[in-house]
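A short worksheet on the structure shown next.
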Amino acid sequence: MTAIKNIKVINYSLCFIYSCLVVFFIAHLPIVFISVLALLCAWNFYVTISNKTKPNAWLANALAALALGLMLFSVGFSDTVILFVAMLLLSSLFKLLQAKTKKHYHVITTLTFFSLSAVYLFNQSILTTLVVSSLYILNFAVLGLLESKHNLKVASKQSGKLLLLALPLAVFLLIFLPKMPAFWQLPGPKLAKTGLSEQIDPFDIAKLSNSDELVFRAKFNDLAPKAPLYWRVLVHDEFNGNAWLTSNLLKHNSVTQTKTQQVSSLTKYDYSIIAEPSSQKWLYGLIFATSNNDNVESDSLGLLRKKNYQAKSVQYTASSSALTNAPLLQWQTKHYKHLVNNDNNKASALAYNLKQNLTSDRDFYNALLQYFIDKKFSYTLNPTPMSGNNTIDQFMFEQQRGFCGHYASAAAYIFRSAGIPARVVSGYLGGELNTDNNTLSVRQYDAHAWVEVYLDNEGWQIFDATAVVAPDRLTGSLSQNNELNNEFKSNLDFGLVSLSNFAAINWLRLELENLDYKWSSWVLGFDDEKQNDFLKSIFGSKNIWLVPLAVIVILGLTFVSYFVYLNWPKPATKLAPMVKEFEQLINWAKKRKLKIADHLTPTQQLQHLASQAPHVEQQLLEFSQLFNQVRYAKKPFNKERKTQAKYLIKLIKSTKQRNL
């Protein structure tokens with residue numbers, strides 16, 4: 001078996017790559033399985049550092065079988081994509097633990113290219129791209145080290161050069177290659193990062209304040225509408241006594257033909273959205289939203305959703321208007337008033353008492369809002385947990401402290417108790433405006449719930465008790481709420497947002513977000529529609545047929561240039577120290593027709609020349625001695641030795657022939 005050069009460097013590099021991959025997948029794999037992967041990385045590092053023998057096949061296979069069982073138990077079979085990624089990482093690390101031959105390492109580097117590419121199934125941000133690209137270079141360098149005697153620095157440099165040379169070709173393909181649909185698709189990885197679900201209870205929403213994960217970014221074509229901005233996602237129309245659910249009726253709500261949807265021009269807002277990857281089908285729209293995007297569909301409630309479950313960034317345009325004021329059908333009125341029997345008797349009594357002596361649903365709406373003011377309800381992100389069958393009574397008459405989910409759940413229940421159609425809506429409220437790119441960034445902690453109530457002669461109206469218990473919450477992002485700032489920061493996981501009190505860090509955060517927005521908008525969102533617009537801007541709509549011709553010409557020029565480059569005379573390679581000076585003496589000797597035996601070493605040749613030219617014998621021998629010091633004793637060819645060599649050559653050449 002041939003020994004592999006640079007074996008330690010190769011092992012270190014592969015261990016480093018897989019350690020980075022473990023970090024990338026921490027958020028997507030069970031912590032137990034991540035611990036197994038981390039232990040395997042540490043084991044590989046230890047074996048390399050301590051020069052220990054790698055485990056034999058029996059031990060490695062037995063451990064692999066145990067790890068495989070643990071993986072299947074912890075990861076499960078419900079998400080085939082994450083299962084595939086887990087198997088890929090596990091098999092690669094065990095293979096690295098056993099690798100001894102070039103063939104083994106070739107297999108590992110090939111698997112590593114797939115492992116690195118798997119990161120893009122879950123994250124496609126510009127930071128991820130830069131890190132993964134660096135790891136690609138390192139993996140290519142490892143591949144080069146397997147076949148060469150270079151060190152890692154040289155191999156990485158060559159690998160980086162190849163990547164830079166490939167970059168223009170990648171840009172060219174991105175711009176000109178037709179955007180074809182995938183021939184086959186993996187089911188989307190379950191990036192269920194969104195805290196929203198079809199079943200809403202107050203405590204689920206509270207957990208969202210822990211996460212600063214980006215959900216989507218919005219950019220309005222004109223001026224943004226005034227706050228509050230209610231981004232609707234889900235409508236919950238059934239109450240089971242504790243939680244609000246999305247009924248099967250709404251889940252199968254008919255999809256409207258968005259291209260013929262009539263939107264009032266008086267209240268119309270046009271904007272574009274870049275939604276982060278999510279396995280969920282729902283999307284984000286302001287109030288009553290419609291979209292003409294080919295990948296987006298709208299339903300009759302003004303909600304948007306994907307046409308497929310691809311877990312990748314989605315970019316689309318949308319238009320929004322006010323909620324519909326069309327009269328409800330009889331079954332709809334009954335459906336939105338329905339309540340199950342429960343123990344919230346006090347809340348039902350409150351609804352009955354408020355409705356006394358009121359003449360309209362609008363009066364009841366105002367009276368309930370005033371009730372929240374008079375009883376001095378307050379907003380908090382850390383409410384006291386409540387349980388049992390009368391959580392609404394507990395909240396309304398005992399705690400009186402809660403967040404949007406508590407108020408929405410209680411208000412919708414009271415409206416229905418008063419015989420007024422109502423439903424709970426979950427989505428997001430507001431967003432943080434980045435003035436550099438004029439976009440709103442909406443994060444998980446901006447999740448919100450409110451009520452839509454149907455009033456006679458007015459249609460569906462938003463009822464949000466947050467407007468009176470925490471009015472600042474309506475004007476922007478939760479991160480910008482001064483009153484809740486302490487609670488918000490204490491709940492939030494560590495990250496740049498949690499450090500936004502420091503001006504320099506906050507500036508850096510906004511700049512990075514601006515850069516990431518451009519990346520998402522121009523690279524990830526460069527779909528067939530943008531491609532057509534871009535090509536038409538270059539060639540004109542009537543000359544679009546020039547595109548394939550331009551592609552052929554550019555590709556032809558590229559191949560011709562490459563052919564010329566390969567056949568162009570190459571400059572002489574850099575000579576070793578003193579070789580140039582030695583050749584000067586050889587040329588001098590040839591001009592004087594002195595005999596030079598090619599089979600002799602340079603030192604022997606110099607001594608032979610000295611015997612033929614006694615008038616410069618001493619200088620030739622001194623040159624030979626200097627040559628031996630530099631070429632064979634590895635002494636540096638510094639300035640002093642260069643000067644000495646030049647002096648000897650000049651002296652040899654200037655000696656007159658008559659002295660012979």
Note to self: For a quick test of reading the model, state the closest non-hydrogen atom pair linking M71 to L90 and the distance between them.
What the structure shows: SD-CD2, 4.3 Å
Next item on the list: Please say which of I273, L283, V215 ends up in a side chain to side chain contact (heavy atoms under 4.5 Å, CB included) with W231.
Entry: I273
Notebook entry, point to check: Minimum heavy-atom separation for S441 to L214, with atom names?
Noted result: CB-CD1, 4.0 Å
Check: Just wondering, do I10 and L14 contact through their side chains at under 4.5 Å, heavy atoms?
Finding: yes
Next item on the list: Would you indicate whether K8, at its atom NZ, is surrounded by more than 12 heavy atoms from other residues, nucleotides or ligands within a distance under 6.0 Å?
Entry: yes
Note to self: For Q98 versus A57, what's the shortest heavy-atom pair and its separation?
What the structure shows: NE2-CA, 3.4 Å
Next item on the list: Look up atom NE2 in H236 and atom OG in S409, then write down how far apart they are to the nearest 0.5 Å.
Entry: 10.5 Å
Note to self: Does atom CZ (F73) have a neighbourhood of more than 12 heavy atoms from anything else shown, all under 6.0 Å?
What the structure shows: no
Checklist line | Candidate pair F122 and F24, rule ring pair (Phe, Tyr, Trp, His ring centres under 6.0 Å), full reasoning | finding: CA-CA 9 Å; F122 304 88; F24 271 118; over 10 Å; no
Note to self: Measuring centre to centre across the rings, with the benzene-like ring taken for any Trp, is W450 within less than 6.0 Å of Y407?
What the structure shows: no
Notebook entry, point to check: Could you state the interatomic distance from CD1 (I137) to OG (S159), rounded to the nearest 0.5 Å?
Noted result: 5.5 Å
Note to self: Test side chain to side chain donor-acceptor pair (under 3.5 Å) on R217 and T439; report intermediate values, then the result.
What the structure shows: CA-CA 6 Å; R217 281 174 287 214; T439 59; over 6 Å; no
Note to self: Within the structure provided, determine whether I17 and L116 are in side-chain contact (heavy-atom separation under 4.5 Å).
What the structure shows: yes
Note to self: Are the side chains of R232 and V235 in contact, using a 4.5 Å heavy-atom criterion?
What the structure shows: yes
Checklist line | For R443, the option from E276, E513, E213 that meets salt bridge (Lys or Arg N to Asp or Glu O under 4.0 Å) | finding: E513
Margin query: Can you tell me how far apart CZ (F45) and CG (N11) are? Round to the nearest 0.5 Å.
Written below: 9.5 Å
Notebook entry, point to check: After noting the C-alpha distance and the side-chain angles of Y136 and S117, does the key distance pass the side chain to side chain donor-acceptor pair (under 3.5 Å) rule?
Noted result: CA-CA 9 Å; Y136 271 127; S117 301; 2.7 Å; yes
Check: Which value, rounded to the nearest 0.5 Å, describes the distance between I31 atom CD1 and I26 atom CD1?
Finding: 6.5 Å
Check: If we ignore angles and hydrogens, is there a donor and acceptor under 3.5 Å between the side chains of S125 and N123?
Finding: yes
Next item on the list: Please report the C-alpha distance between T128 and Y120 in whole Å, then the side-chain angles of each, then the deciding distance to 0.1 Å, and finally whether the side chain to side chain donor-acceptor pair (under 3.5 Å) criterion is met.
Entry: CA-CA 8 Å; T128 299; Y120 292 118; over 6 Å; no
Next item on the list: For the residue pair H406 and F403, categorise the inter-ring angle as parallel (less than 30°), tilted (30 to 60°) or perpendicular (more than 60°).
Entry: perpendicular
Checklist line | Heavy-atom side-chain proximity of N514 to W519 below 4.5 angstrom | finding: no
Item checked: Nearest-0.5 Å distance, CD1 of residue I82 to CZ of residue F77 -> 14.5 Å
Checklist line | Parallel, tilted or perpendicular, as decided by the 30° and 60° cut-offs, for the rings of W244 and F239 | finding: tilted
Notebook entry, point to check: Of the non-hydrogen atoms in S74 and F33, which two are nearest, and what is the gap between them?
Noted result: OG-CB, 3.8 Å
Notebook entry, point to check: For D446 and G431, which heavy atoms make the closest approach, and how far apart are they?
Noted result: OD2-CA, 4.2 Å
Margin query: To the nearest 0.5 Å, what is the distance between CG on L96 and CG on N44?
Written below: 4.0 Å
Next item on the list: Evaluate the side-chain proximity of V425 to V451: yes if any heavy-atom separation is below 4.5 Å, no if none is.
Entry: no
Check: After noting the C-alpha distance and the side-chain angles of F113 and F140, does the key distance pass the ring pair (Phe, Tyr, Trp, His ring centres under 6.0 Å) rule?
Finding: CA-CA 9 Å; F113 285 121; F140 271 118; 4.8 Å; yes
Next item on the list: Measure centre to centre between the rings of Y428 and Y230, then say whether the value is under 6.0 Å.
Entry: no
Next item on the list: Run the salt-bridge test on E297 and K306 with the 4.0 Å N-O cut-off and return the result as yes or no.
Entry: no
